[in-house]
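A quick note: this is a predicted structure, and the numbers were derived from the prediction, not measured. Side chains included, hydrogens not; waters and symmetry mates left out as well; all remaining heavy atoms used. The residues of the chain are indexed from 1 along the displayed sequence.
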Amino acid sequence: MAPLYSFVTRVSDHGLGTEASTDASVPLQKKVERVALMREAGLKCAVLTGIPKVINTLGALRESLDSDVKAELDASQLPRREVSSQKATRERGAALFEAIYNPHSEKLLSKLGFIIEHAYGGVLSNPSPEPNSSPSFDTPLISRTLTSALAVACLRAQGGVGPQLTSHIFGLLKAHHEGNQTPIEQWISTEEGAEWVLGTVDQLCDVVRESGDSTLQDSARL
């Protein structure tokens, strides 16, 4: 995690590929926001890759943080999440599940309905402020579109989950028509963007395999 942390806290813009540049003078708050994004992505990966791997990953991220970033992150507690009611959590989960798996959602729910509240409602979906919630509530860092992109990346890397990968690729493409997207989200939810996600993951997995680090190679098999 240390090289990834070092990179994302020096990238001066959100350009892709050769458009990205590095700058050691990135403001502290921007570094904290990017680390919070990494941490939130790790949390959502618990549903996709398993809690033990996520614990190891988040622990490694924590160890790699600079002292000022760590202190500011602890103080800000980004992203803040209000405790939602069971009903609200289930409704959020059902909405996300429908958005990803429609028109097959009803068939899947008959077999997997129990995952709606805990996996999709509690972890993968983004909570909304409840009535009378604290004014300090912060908008979650990972959007519906980027959550689908994250799922595609995780499933591509771990391998052996072809049907789930296919479903989440279609879920990513469907996000393109849901509105409220940034320019990058609009692009990444196109066929070209989805292919970029898959290709980038493949390249990263190749690097891991070629590194000779046996502790990482199993997790990189496609």
Side-chain angles (χ1 to χ4, degrees), residues 1-26 30-66 69-70 73 124 141-143 145-173 175 182-185 187-222:
M1 291 297 295
L4 179 59
Y5 164 74
S6 177
F7 174 74
V8 300
T9 54
R10 292 189 301 116
V11 175
S12 58
D13 56 44
H14 293 288
L16 300 176
T18 57
E19 297 178 14
S21 58
T22 57
D23 183 354
S25 63
V26 172
K30 181 63 67 174
K31 293 180 180 180
V32 172
E33 291 172 1
R34 292 175 182 177
V35 170
L37 177 65
M38 294 171 69
R39 189 174 64 180
E40 180 74 357
L43 173 63
K44 292 195 174 190
C45 285
V47 173
L48 303 163
T49 64
I51 292 176
K53 289 183 178 180
V54 168
I55 290 174
N56 290 342
T57 299
L58 294 182
L61 173 61
R62 177 80 179 178
E63 289 298 319
S64 69
L65 300 182
D66 295 316
V69 173
K70 184 183 298 182
L73 184 66
L124 289 178
L141 292 166
I142 301 183
S143 66
T145 301
L146 294 184
T147 295
S148 282
L150 175 66
V152 170
C154 286
L155 296 172
R156 179 70 164 185
Q158 65 182 286
V161 287
Q164 290 76 23
L165 173 59
T166 299
S167 294
H168 281 282
I169 289 173
F170 280 114
L172 176 58
L173 297 178
T182 66
I184 287 181
E185 290 172 346
W187 177 78
I188 210 168
S189 57
T190 63
E191 290 188 10
E192 180 184 7
E195 289 178 359
W196 177 84
V197 173
L198 295 171
T200 300
V201 171
D202 288 349
Q203 292 176 15
L204 290 172
C205 289
D206 288 342
V207 170
V208 171
R209 278 195 297 268
E210 294 169 1
S211 71
D213 188 338
S214 60
T215 65
L216 299 175
Q217 288 179 359
D218 288 342
S219 62
R221 291 173 183 165
L222 302 177

Engineer: List in chain and number order the residues that pass side chain to side chain contact (heavy atoms under 4.5 Å, CB included) with L198, two or more places apart in sequence or in another chain; answer none if no residue qualifies.
Structural biologist: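 L198 satisfies side chain to side chain contact (heavy atoms under 4.5 Å, CB included) with V152, R156, L165, I169 only.
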Engineer: Could you grab the distance from atom CZ of R62 to atom CE of M1, nearest 0.5 Å is fine?
Structural biologist: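 Here the interatomic distance stands at 13.0 Å.
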Engineer: Sequence neighbours left out, what passes side chain to side chain donor-acceptor pair (under 3.5 Å) with Q203? Give chain and number order.
Structural biologist: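 With sequence neighbours excluded, Q203 shows a side chain to side chain donor-acceptor pair (under 3.5 Å) to no residue whatsoever.
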Engineer: Nearest 0.5 Å please: distance from the CD atom of E33 over to the CG atom of L73.
Structural biologist: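 Those atoms lie 11.0 Å apart.
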Engineer: Have a look at K70 and tell me which of V35, V32, L65 forms a side chain to side chain contact (heavy atoms under 4.5 Å, CB included) with it.
Structural biologist: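 Result: among V35, V32, L65, L65 is the only option passing the side chain to side chain contact (heavy atoms under 4.5 Å, CB included) with K70.
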Engineer: Are the side chains of I55 and I51 in contact, using a 4.5 Å heavy-atom criterion?
Structural biologist: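 Side chain of I51 against side chain of I55, heavy atoms only: contact under 4.5 Å found.
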Engineer: Please find the pair of heavy atoms, one from K44 and one from T147, that lie closest to each other, and give the distance.
Structural biologist: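 Reported closest heavy-atom pair: NZ-OG1, 2.8 Å.
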Engineer: What is the distance from atom CG of L146 to atom OG of S189, rounded to the nearest 0.5 Å?
Structural biologist: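 L146 CG to S189 OG: 9.5 Å, rounded to 0.5 Å.
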Engineer: Minimum heavy-atom separation for L172 and A149, please, with both atom names.
Structural biologist: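 So the minimum-distance heavy-atom pair works out to CD1-N, 3.9 Å.
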Engineer: For a quick test of reading the model, state the closest non-hydrogen atom pair linking L150 to A41 and the distance between them.
Structural biologist: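 Reported closest heavy-atom pair: CD2-O, 3.6 Å.
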Engineer: What side-chain hydrogen bond (donor to acceptor under 3.5 Å, both in side chains) pairs are there with at least one residue in residues 162-172, not counting sequence neighbours?
Structural biologist: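 The answer is Y101-H168.
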Engineer: A side-chain contact here means heavy atoms from C-beta on lying under 4.5 Å apart; do L43 and V54 qualify?
Structural biologist: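 They are not in side-chain contact.
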Engineer: Mind checking the OG-CE spacing from S64 to M38? Nearest 0.5 Å is all I need.
Structural biologist: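 Answer rounded to 0.5 Å: 6.5 Å.
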Engineer: What is the minimum heavy-atom distance between L173 and A194, and which atoms define it?
Structural biologist: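 Residues L173 and A194, closest heavy atoms: CD2-CB, 4.2 Å.
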Engineer: Under the side chain to side chain contact (heavy atoms under 4.5 Å, CB included) rule, what do K30 and R34 come out as? Steps first, then yes or no, please.
Structural biologist: CA-CA 6 Å; K30 181 63 67 174; R34 292 175 182 177; 3.6 Å; yes
Engineer: Please report the closest heavy-atom contact between E185 and S143, naming both atoms and the distance.
Structural biologist: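 Taking E185 first and S143 second, the nearest heavy atoms are OE2-OG, 2.6 Å.
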Engineer: To the nearest 0.5 Å, what is the distance between CZ (R39) and OG1 (T57)?
Structural biologist: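 It comes to 14.5 Å.
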Engineer: Indicate the atoms forming the closest heavy-atom contact of T145 with A175, along with that distance.
Structural biologist: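 Reported closest heavy-atom pair: OG1-CB, 3.6 Å.
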